[in-house]
**Student:** 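Before I ask anything, here is the structure I am working with.
Whatever order the structure lists ligands and atoms in, that order sets their numbers, starting from 1. In this chain, residues are counted from 1 in sequence order.
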Amino acid sequence: MRWNTHLWSAMLSLSTLANADPTWPSQVDELEEIMYQVQGYRSRQFGGTVIPCSSEASGPGRHNAAEWLRAAFHDMATTTIFDGRAGGLDGSLQYELTSSDNIGPAFNTTLKFMADYYTSRSGVADLIALGVYYAVRSCGGPVVPYASGRVDATQAGPIGVPLPQNSAFTFQQQFTRMGFSQTEMIQVVACGHTIGGVHETEFPEIVPVGTTADGEATMDSTVDVFDNKIVTEYIAGNTTNPMVVGPSVKATRNSDFKVFNSDGNATMAALVDPQAFKDVCATVLRKMIEVVPDGVVLTDPVQPYAVKPVDMQLTLNPGASTMQLSGFIRVRTTDFGADSAESVLLTYKDRSGGDDCGSLGCTYTASVLGATQGFDDTFVWFPIDLQIPTSSGISSFTLTVNMASGASEAYDNNGNSYPMQDAIFMQQPQSCLLEGNLKVVAAVRNDLDLPVNLHLSYKTPVGDPNRPVPTLNDDTVEMTKGDCVGLYTFYTASYEDLGALDYATKIDVITGSGETASRDDFKAASGLGANCAAFNAPPASLCSRADDPDPPAETSSVPVTMTPTVTSPGTATSTAAVETPYHRETLGNYTLVGCNTEATATGVRALGGASYVYDGMTLESCMTNCTGFYYWGTEYGRECYCGNKVDASSTNVTLDECNIVCSGDETEYCGAGDRLELYVTTGPIPTPTGTLAIKPTVTPYLRIGCYEELPTRALTGGDFPNDAMTLELCASSCAGFTYFGTETLTATWFVPGTRPNTAVAATGSRCTD
Ligand SMILES: *[C@@H]1O[C@H](CO)[C@@H](O)[C@H](O)[C@H]1NC(C)=O
Ligand SMILES: *[C@@H]1O[C@H](CO)[C@@H](O)[C@H](O)[C@H]1NC(C)=O
Ligand SMILES: *[C@@H]1O[C@H](CO)[C@@H](O)[C@H](O)[C@H]1NC(C)=O
Ligand SMILES: *[C@@H]1O[C@H](CO)[C@@H](O)[C@H](O)[C@H]1NC(C)=O
Ligand SMILES: *[C@@H]1O[C@H](CO)[C@@H](O)[C@H](O)[C@H]1NC(C)=O
Ligand SMILES: *[C@@H]1O[C@H](CO)[C@@H](O)[C@H](O)[C@H]1NC(C)=O
């Protein structure tokens, strides 16, 4: 179905009103990206060890998703509401790993993983809370609304996590102390225990050692699904939950029974309805992660931006007469139905708020680059690479998203325009980081004759193996004034041999102070090269101020007569004779299977082998993209998917539902929204090697990407050639090393908690994958 333009705009406006984007930039930006950029292009990989739900990335029988859920409960459970609320979800777990409350490796592993995401804008408590959203959603559970703004504790809290040996009466007292009613106690235990199990090592009185296959007894028959089997099996009397039946009964450690039975099973009976279970779990787990001490105010639940500028960066170009604005506009496509976002028009204002943008005009049109999936959302990315005359500069921009249907929607950051100051910015090519040696160069406009400061946020290990979360350090130094380059002057600050300065470091450059300060902040050191490039500076005679009434004639080098080249999406292209589109029965060695729905299972696609999104797609180009695959199919006119099997949750529908023509050939059909024009090879069935796919975890390693080899070797610790190489074999050959990688195409893997490593990241360049 194609949206009627007016209807579509009206609906979008309504939804925009109901659910406006935060005003950008916002303090939730970092967590919003970690939360929603789950898989695909520019994904943040926070789900690395909990996706899929069955992931046992930390070892057999260790369900990481369940561990994340328990970590949040253990962090929260020592709170008290008497005399005001104290404690709660405050990250104090990082100081409590040796407490009798928190036995077992789960919390250590969870915190070690999350520590990589710990920054000044994503605290430990907020990450633990976000882990609940991830773990539950990855296992097919409900969306647990997630707000941010927790404040991290600086020391251990009291003990008091409910323990299996407690009496029903003690449990109730403990939950009352936490601010939970008896009903909520039962609900939070049922929701918290629906995934994962109980381990022999930690609870031998409940699960005797040697009685299970991988050291763990599960709470219900579906260990990897966030469903209400824990309830229905309990009510039906055939549960295998080791905290209800088995040795725990005699040992009086059947704590789930004590809790569930405490109101005569009334609460459990009400959870037999699967939808009621989901709704209750969303509510009660939200309550669990929103237990915060008095004085801490949480944000509204974090929602994905409809349109979001990401990593916007100004850089002076060689010669300094122009600067480059780079970055991305991320567009949420979840509600677009059969329509799709085709381009983004960025319109900017010059430094003084006017429209003096030089010969290239004040607009830039970006076309789509990649796609990202959240658990419930989809996004596409539009790269910005815009040249701006240094003499006129930039102060803000607005955005228009143009749809394939011809509809368009304007975004102005809630009436504020998207701010983009050009007073100061980190000059990235001239800045560099190598093995603890950092040099930062900032370009500062000459009319801002104020002190310029560099502020760093970097992490250092605590030095205690029981404290997996590093310390976040701050340092501020004044930057030294250097060469004047046209309207800007370079300021520099350097650090030598400060080993803690690695790619997790965040960089701010600031001029002025308080309200009038200008800043380019939260810049990732991972974006810096190992060598600082020289700058091709203009003659010193061109040094001047932007507010100089009589500046040198430097701008005349920019041609001024060119007509701005603005593409106008949605303009009808005139075609001579339009052929009626039809479904191609055969193409090359492939034949049409039919029209299939996308997979309805969470987190999977009908064809999961490879995907390509681009304009100008045809059936032929997709077939070529999918060379070597058993199946391929096209969707939305511009999406191409390949795979060796069709997911079971994708079903055959009538061919007329695949009614969108290919973006590169109007005579062919290329599927529709959520509809795949599916083809299968007529050749022999490839050997059943499964779908070729990226493996995110090879226990105990996590994938970090694809790196280019060096003449001197990127990884120098050992070399284990083998004609029967597998990721698992390489991982075991490299046991004990932080990184391993397989070649050709060196994918590099790392042990959770040891990322990032300067040696590899500094010298290897990332490949696309
Ligand atoms: C438990 O009993 C119920 C009702 O008799 C039945 O539907 C279900 O399949 C049983 N589950 C297991 C795991 O045995
Ligand atoms: C609650 O359900 C459990 C499991 O079916 C059962 O053993 C117990 O007797 C029930 N409690 C009451 C009060 O009926
Ligand atoms: C946490 O893990 C580290 C190894 O990474 C280990 O040395 C330490 O003993 C662990 N601490 C606890 C309390 O499990
Ligand atoms: C079809 O398969 C045959 C046999 O494998 C091969 O020789 C031929 O090139 C293929 N044709 C196309 C169009 O791919
Ligand atoms: C997919 O096909 C398009 C169109 O021919 C081409 O531009 C693109 O490079 C191909 N991508 C890959 C990865 O083969
Ligand atoms: C799938 O749909 C196509 C077109 O509607 C139809 O010809 C074909 O028989 C269907 N296949 C199956 C397996 O249902």
**Student:** Does Arg44 pair with Glu33 as a salt bridge, N-O distance under 4.0 Å?
**Tutor:**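 Answer for the salt bridge query: yes.
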**Student:** Pull out every atom of ligand 2 sitting under 4.0 Å from any heavy atom of Asn261, numbered as shown with elements.
**Tutor:**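 Listed by number with element, the hits are 1 (C), 8 (C), 10 (C), 11 (N), 12 (C), 13 (C).
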**Student:** Determine, considering heavy atoms only, which of Asn108, Asp464, Leu111, Ile103 sits nearest to atom 12 (C) of ligand 3.
**Tutor:**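 Among Asn108, Asp464, Leu111, Ile103, the closest heavy atom to atom 12 (C) of ligand 3 belongs to Asn108.
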**Student:** Checking a contact table here: which protein heavy atom is nearest atom 4 (C) of ligand 1, and how many Å away?
**Tutor:**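 For atom 4 (C) of ligand 1, the nearest protein heavy atom comes out as Ala236 CB, 4.1 Å.
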**Student:** When you measure from atom 7 (O) of ligand 1 to the protein, is at least one non-hydrogen atom found at a distance under 4.0 Å?
**Tutor:**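 It does not: no protein heavy atom is found less than 4.0 Å away from atom 7 (O) of ligand 1.
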**Student:** Within the 4.0 Å heavy-atom shell around Glu233, which atoms of ligand 1 are there?
**Tutor:**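 Numbered from 1, ligand 1 contributes 13 (C).
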**Student:** For Glu56 and Asn64, what are the C-alpha separation, side-chain angles and deciding distance, and is it a side chain to side chain donor-acceptor pair (under 3.5 Å)?
**Tutor:** CA-CA 6 Å; Glu56 299 183 7; Asn64 292 64; over 6 Å; no
**Student:** Among protein heavy atoms, which lies nearest atom 9 (O) of ligand 3, and at what distance?
**Tutor:**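 Heavy-atom neighbour on the protein nearest atom 9 (O) of ligand 3: Asn466 OD1, 3.5 Å.
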**Student:** Scan the protein's non-hydrogen atoms and note whether one is under 4.0 Å from atom 2 (O) of ligand 1.
**Tutor:**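 Yes.
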**Student:** When you measure from the side chain of Glu216 to the backbone of Val198, do you find a donor-acceptor pair of N or O atoms at a distance under 3.5 Å?
**Tutor:**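 Here the side-chain-to-backbone pair does not exist.
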**Student:** In ligand 1, which numbered atoms sit nearer than 4.0 Å to a non-hydrogen atom of Asn238?
**Tutor:**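 In order of number, 1 (C), 2 (O), 3 (C), 8 (C), 10 (C), 11 (N), 12 (C), 14 (O).
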**Student:** For ligand 2, note which part of Tyr234 has a heavy atom under 4.0 Å away: side chain, backbone, both or neither.
**Tutor:**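 Looking at Tyr234 and ligand 2, atoms from backbone and side chain both fall under 4.0 Å.
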**Student:** Backbone or side chain, does any N or O of Thr98 fall under 3.5 Å from an N or O of ligand 3?
**Tutor:**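 No, since none of the N or O atoms of Thr98 sits under 3.5 Å from an N or O of ligand 3.
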**Student:** Tell me: protein heavy atom nearest atom 14 (O) of ligand 2, and distance?
**Tutor:**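 For this ligand atom, the closest protein heavy atom is Asn265 ND2, 3.6 Å.
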**Student:** In the structure I gave you, are the side-chain heavy atoms of Val136 and Val143 within less than 4.5 Å of one another anywhere?
**Tutor:**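 They are not in side-chain contact.
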**Student:** Aromatic rings Trp68 and Phe46: how do their planes relate, parallel, tilted or perpendicular, breaks at 30° and 60°?
**Tutor:**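 Taking Phe46 first and then Trp68, their aromatic rings sit tilted (interplane angle of 30° to 60°).
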**Student:** Please identify which atoms of ligand 3 are closer than 4.0 Å to at least one heavy atom of Lys112.
**Tutor:**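 Ligand 3 atoms under the 4.0 Å threshold to Lys112: 2 (O), 3 (C), 4 (C), 5 (O).
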**Student:** Compare every heavy atom of Asp475 with every heavy atom of Tyr458, then report the nearest pair and how far apart it is.
**Tutor:**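 For Tyr458 and Asp475, the tightest heavy-atom pair comes out as CE2-CB, 4.2 Å.
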**Student:** Taking it one step at a time, do Asn241 and Thr239 satisfy side chain to side chain donor-acceptor pair (under 3.5 Å)?
**Tutor:** CA-CA 5 Å; Asn241 182 341; Thr239 184; 4.9 Å; no
**Student:** Take the angle between the ring planes of Tyr234 and Phe257 and call it parallel below 30°, perpendicular above 60°, tilted in between.
**Tutor:**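 Tilted.
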